Amino acid sequence: MLRFVARRFLETIPVLFIIATITFFMMRLAPGGPFDAEKQASKEVRARMEAHYGLDKPIFVQYLLQMKHLLQGDLGPSYKYPSRTVNEIITDAFPVSLELGGESLAVALVLGLLAGMIASLKQNTFWDHFPMSLAMIGLCVPTFVMGPLLISAFALHLDWFNAAGWYFPRDRVLPALTLGAFYAAYVARLARGGLLEVLRQDFIRTAQAKGAGGARILFKHALRGGLLPVVSFLGPAIAGLLTGSFVVETIFGIPGLGRYFVTAAFNRDYFMIMGSVLFYAVFVIAMNLVVDIVLVWLNPKLRFE
Amino acid sequence: MMIRNTSLAATILALGFFLVCGCGPRETMVEIADRAGQYRVGNGGEPGDLDPQVAIGQLEHDIMLSLFEGLVYGDAKDVSPRPGVAESWDISPDGLVYTFHLRQNARWSNGEPVTARDFCETYHRMLMPSLAAQYSYMLYPVTNAEAFNTGQITNFDQVGFKVVDDHTLRVALHSPTPYLLSMMVHDSWYPLPMATIKKFGAIDDRSNPWTRPEHFVGNGPFVLKEWRMNSHILVVKSPTYWDAEHVRLNSIYFLPEENYDTEERMFRSGQLHTVRSAPQSKVAFYREYKPNLINIYPLLTTYFYKLNVTRPPLNDKRVREALAMALDRHAITETVTRAGEIPAFCLTPPGTAGFTARAALREDPAEARRLLAAAGYPDGKNFPAVTLLYNTLQSHKAIAEAVQEMWRKNLNLHVTLQNEEWKVYLDAMRTTNYDICRSGWGADYADPSTFLDVFLTDSGNNGTGWSNAEYDRLCRAAASTGDQAARYAAYQKAEAILADEMPIIPIYIYSNPRLLQPSVKGWYPNLLDNPNYRSIYLVPQTH
C-alpha cells in the first residue's frame with residue numbers, strides 16, 4: 001500500500017505542473033486585466049501598479065517567477081484585496097467550504113442511504129416508489145432553484161431560519177440541505193441499485209436459510225458489497241460538494257472558498273485564480289486517492305497496483 | 001421487524017432535529033439590533049481594502065466614511081462641506097490659499113491628537129508615485145501636486161501643503177478652485193495614521209496591512225472592530241471622536257453581500273436595516289405594496305452610450321446625432337427601467353452644484369432621418385454593420401433591446417447587440433475597440449467638472465477617440481478661474497460642444513431605490529448617496 005501511495009504521489013507532481021501552466025496561460029489570454037475598473041486609472045498609475053506586481057515583465061519571466069514562488073508554497077498577493085495574500089484568503093475561507101461540504105455530505109449520506117436501504121428492502125412498494133420519486137426530483141432541481149425555494153418556504157414564510165448568512169449554527173441547515181439534496185438523491189439511487197444486486201446473490205440466500213433477520217442480513221452481509229457504487233461515487237461527490245458550492249455560497253451569502261474560485265476569474269485576480277485552482281486540484285487528487293484506498297479495503301477483489 | 005423500527009426512529013430523529021433548529025425566537029436580527037443601537041447594512045460586496053488611498057469603489061467608500069473624517073465632511077442632506085477636523089478656515093482674497101484651523105479636541109482612535117502634520121504626511125503619501133494611488137488627481141488643484149505625483153519634482157516641500165503649527169494647515173493652489181471644499185469631502189482627503197502605517201510596513205506599499213482590525217487606527221465617528229472577509233465588518237462608536245456625543249448609533253454591522261437577490265431576501269427576513277439598491281425586478285413590487293420600505297432618489301450619475309468616433313459610420317457627426325435624436329427616453333425610463341430615472345439630454349445631471357446645461361439634444365425622429373440621409377444612408381440604406389456592446393446584465397440588455405428597436409423603427413437601422421463579461425467589456429472600452437457601448441459616470445464630488453473632465457482628450461475614461469481642442473481649452477479655463485460665473489459659462493459652452501459633436505448619447509440620470517426598515521430615522525437621500533452615519537438613529541418599533 002505504501003508503494004501505491006508513493007507512486008500516486010509522484011504522479012501528482014507532473015499533473016499539478018501541467019495544471020499550473022495551462023491555468024497561467026489561459027488566464028493571461030483572457031481580455032481585460034486586474035486593474036480595469038469602471039473608473040479607469042490613468043496610464044501612469046496603471047503602469048506603476050503593473051510594475052508593483054511585476055506585470056510589466058515579459059510574460060515568460062512572469063511565468064518562471066510564479067512557478068518559483070509556487071514551489072516555495074507562496075501563492076502570491078491578491079490584486080483585488082491588496083493587503084491580503086492568497087495563502088491567507090484560502091486559509092480563511094477553506095474551512096467554511098469544508099464545513100459546508102461536510103454537512104452537505106452528511107445530509108447526502110444520511111438521507112441517501114436511508115432512502116436507498118428502505119427502497120431496496122421494500123422493492124416495488126410505496127416505500128420504494130416514494131423515496132425514489134423524491135430522489136428523482138432532487139436530481140432534477142438545480143441548486144439555484146432549490147436554494148431560493150427553501151429560503152422562501154422556511155426563512156421568509158415560516159420564519160424558522162435566516163434568509164442568508166453564516167453566523168449561527170442554524171444558518172447551516174438550509175445551505176447543507178440545498179447542496180446535499182442532489183447528492184442525497186444520487187446516493188439513494190446508487191445504494192438501492194447496489195443493494196438490490198447484492199440481495200439477489202447466493203450468499204444472502206444462504207444467510208436467510210440460516211435464519212438471519214432482515215437487519216442482520218442488511219448490515220452484516222449486504223451493506224459492504226452493496227455500497228461499493230456509493231463509495232466510488234464519493235470521490236467525485238466530495239470534490240463536487242466542495243468546488244460546486246459556488247452557487248450555494250452565493251445564494252446563502254457564505255464566506256467560503258467556492259466564491260473566490262469564481263470571482264477571482266471575474267476579477268482577473270491572477271494569483272488568486274492560480275492559488276484556488278491548484279488548491280482544489282490537490283484536494284481533488286487527495287480525495288480520489290482516499291477513495292481508492294477505501295475501495296480496496298471494501299472490495300477484496302481489488303488490489304493496490 | 002427491526003429494520004422498520006430503526007428507520008422509523010431515524011426519521012423521527014431527523015424530523016426532531018429540524019424542529020429544534022427551526023423553532024427559535026420570533027424576534028428578527030433587526031429588532032434585536034434596534035435595541036442595541038446597531039445599524040445593519042447590506043454593503044453590496046466585500047471591500048477590496050479600507051485604506052482610503054488604495055481602495056477605489058463606492059462600497060469601500062461607504063465603510064470608510066464611518067472610519068475617517070477629513071478637514072470637512074459632507075452634509076447629510078446636500079453633501080455640502082461642513083467643518084470636520086477643521087473647525088474653520090480662511091480663504092485668501094485671490095482664492096489661492098486656504099488656511100485650515102484644526103480642532104484642538106480632534107483625536108485618533110488611539111488617543112493621539114490629529115495634527116496638521118498628520119494631514120501633510122498623509123497627502124505626501126497620496127502623491128508618492130510609488131503608491132500608485134488612483135485618486136491622486138483629486139489633490140491636483142494644489143500647487144505642484146501633479147508635478148510631484150508624476151515624478152517631475154521629488155522634493156515634497158515644493159508642494160503646496162504647509163504645516164503652520166500643530167493645528168493650522170495651509171494649502172496653496174495653483175489656480176483658484178471654487179469647488180475645492182466639495183472635493184475635500186471625498187475619501188482621498190482623509191487623514192491617515194501615518195505612525196501606525198509606518199509600524200506595519202513601507203508607507204508606499206499598497207499591501208501594507210495596517211487596516212486590519214488589530215492594527216487599525218482612524219479618526220472617524222466609528223472605529224474598526226472586526227473584519228472577516230465576505231462575512232462581516234463591525235465598526236463601533238469611537239469614544240475619542242470629537243463629536244461623539246452627537247453620534248447616536250453604537251455600532252454598524254456591514255454585511256458584504258454582493259448578490260442583489262440574496263441581499264433583498266436578507267432585508268425581507270429582518271437581517272438588514274438597509275440595502276443600497278433593491279434588485280430591479282423587485283422595485284415595482286415595493287413601490288406598489290411596500291412603499292414605506294423603499295426610497296427612490298436621484299443620483300449624480302448618468303447612463304449613456306459611448307460612440308467610437310474613429311470608426312465609420314460613427315465618425316460622421318450627422319450619424320451620431322441621428323442616433324441620439326431617434327430615441328424616446330421617456331419610454332425607456334417609464335417602460336423599461338421603471339425605477340424613477342430621469343431622461344437625460346446632456347452629460348451633466350441638471351442641477352449639479354447649481355449648474356444646468358442649456359444645450360440639450362432634441363428628440364426628433366424626422367430630423368434624425370434627414371440627418372441620416374444627408375450622411376449618405378437614406379432610410380438606413382447601405383448602413384454598415386454596427387454593434388452595440390454592453391456588459392452582461394439583464395437591465396443593460398433590456399435597455400439595449402429597447403434602443404435597438406427604436407433605431408429600427410425610426411431610422412430603419414439594424415444594430416447588433418453584443419454582451420460581454422465585465423472585464424472583457426472594460427478592456428474593449430479602454431482600448432476603444434467597439435462601435436457603440438453602454439457606459440455610465442457617477443460624480444466623485446458635486447461639481448460639473450467631475451463629468452465634463454471625462455471627455456478631455458487625455459482622460460483615461462474618455463475611450464471614444466473623440467478629441468476637441470476647444471472643449472479641452474474651455475474645461476481647462478474653467479478649472480483655472482475662481483469666478484464661478486465664468487466657470488459655469490465655460491462649462492455651458494463645453495456642454496454645447498458635446499451636444500453638437502455627440503460622442504456620447506445620454507439616456508438617463510440614475511435614481512437609486514434604497515430599501516430601509518421603518519426603525520431607521522435620521523436618514524436622508526443625497527445626490528452622492530453618502531450614507532450619513534452621524535445623523536442616523538434607530539427607534540425600536542412596537543408591533
Side-chain angles (χ1 to χ4, degrees), chain A residues 30-33 36-46 48-49 51-52 77 80-85 89 92-93 110-111 114 117-118 121 148 151 154-156 158-167 169-170 173 213-215 218 250-256 259-260 263 266-268, chain B residues 1-3 6-7 10-11 14 18 21-24 26 29 46 48-49 51 54 56-57 129-130 132-134 136-137 150 206-212 228-232 255 257-259 261-263 265-266 268-269 271 421-430 440-441 444 460-461 463:
Chain A
D36 278 313
E38 176 105 65
K39 296 194 173 177
Q40 297 282 13
S42 67
K43 281 195 187 74
E44 299 81 38
V45 168
R46 201 184 172 84
R48 274 182 247 132
M49 283 198 285
H52 177 80
K80 172 73 184 169
Y81 308 105
S83 68
R84 317 236 168 202
T85 64
I89 293 175
D92 210 35
V110 170
L111 296 184
L114 212 61
M117 286 192 284
I118 297 174
L121 289 175
I151 294 172
F154 294 105
L156 298 177
L158 292 171
D159 201 20
W160 289 358
F161 302 102
N162 287 323
W166 192 254
Y167 305 98
R170 65 162 59 174
V173 176
L218 181 66
T250 304
I251 293 172
F252 289 96
I254 298 169
R259 298 174 88 176
Y260 292 103
T263 51
F266 289 144
N267 293 329
R268 306 290 191 274
Chain B
M1 212 166 109
M2 186 154 158
I3 295 280
T6 324
S7 55
T11 315
F18 289 122
C21 296
C23 299
R26 315 297 293 171
M29 303 296 293
E46 171 66 23
D49 203 345
D51 180 334
V54 173
I56 47 171
S130 46
Q134 211 160 318
S136 53
Y137 67 84
T150 50
R206 301 175 63 80
S207 309
N208 188 314
W210 72 273
T211 51
R212 304 296 173 83
R228 174 132 195 255
M229 277 185 91
N230 269 336
S231 170
H232 67 273
L255 284 94
E257 185 45 60
E258 66 183 27
N259 184 301
D261 293 299
T262 300
E263 215 179 29
R265 284 195 289 263
M266 291 175 95
R268 248 192 300 162
S269 81
Q271 289 175 268
E421 182 260 354
W422 179 239
K423 292 276 186 178
V424 180
Y425 149 84
L426 288 176
D427 190 60
M429 192 153 73
R430 183 172 61 85
W441 190 258
D444 289 324
N461 289 292

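Per chain, numbering begins at 1; letters A, B, ... match sequence-line order. This structure is a prediction, so every number in the text was calculated from the model and none was measured. All values below were derived from every heavy atom in this structure, side-chain atoms included, with hydrogens, water molecules and symmetry-related copies excluded.
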Please report the interatomic distance [atom1]([X]) to [atom2]([Y]), rounded to the nearest 0.5 Å.
| X | Y | atom1 | atom2 | result |
| --- | --- | --- | --- | --- |
| B/Arg265 | A/Ile151 | CZ | CD1 | 4.0 Å |
| A/Gln40 | B/Asp427 | CD | CG | 8.5 Å |
| A/Arg259 | B/Asn230 | CZ | CG | 4.5 Å |
| A/Tyr167 | B/Gln271 | OH | CD | 8.0 Å |
| A/Arg48 | B/Ser136 | CZ | OG | 6.5 Å |
| A/Phe161 | B/Ser269 | CZ | OG | 12.5 Å |

Walk me through it: do A/Glu38 and B/Trp422 pass the test side chain to side chain contact (heavy atoms under 4.5 Å, CB included)?
CA-CA 9 Å; A/Glu38 176 105 65; B/Trp422 179 239; 3.6 Å; yes
What is the minimum heavy-atom distance between B/Thr262 and A/Phe252, and which atoms define it?
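Heavy atoms only, the tightest pair is CG2-C, 4.5 Å.
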At their closest point, which heavy atom of B/Arg206 faces which heavy atom of A/Pro82, and how far apart are they?
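In terms of heavy atoms, the two residues are closest at O-CB, 3.6 Å.
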Taking every non-hydrogen pair under 4.5 Å, which of B/Thr150, B/Leu255, B/Ile56 racks up the most with chain A?
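Option with the top pair count is B/Leu255.
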Just do the side chain to side chain contact (heavy atoms under 4.5 Å, CB included) check on A/Asn162 and B/Met29 with the steps written out, would you?
CA-CA 9 Å; A/Asn162 287 323; B/Met29 303 296 293; 4.2 Å; yes
Under 4.5 Å from a heavy atom of chain B, the part of [X] involved:
| X | value |
| --- | --- |
| A/Ala30 | neither |
| A/Lys43 | neither |
| A/Thr263 | side chain |

Select one option (side chain, backbone, both, neither) describing which atoms of [X] are under 4.5 Å from chain A's heavy atoms.
| X | value |
| --- | --- |
| B/Glu263 | neither |
| B/Gln134 | both |
| B/Asp51 | neither |
| B/Val424 | both |
| B/Trp441 | side chain |
| B/Ala133 | backbone |
| B/Thr211 | side chain |

For the side chain of [X] and the backbone of [Y], is there at least one donor-acceptor N/O pair under 3.5 Å apart?
| X | Y | value |
| --- | --- | --- |
| B/Lys423 | A/Gly33 | yes |
| B/Tyr425 | A/Gly32 | no |
| A/Ser83 | B/Ser207 | no |

Within a 6.0 Å radius of atom OH on B/Tyr137, are there more than 12 heavy atoms belonging to other residues, nucleotides or ligands?
yes
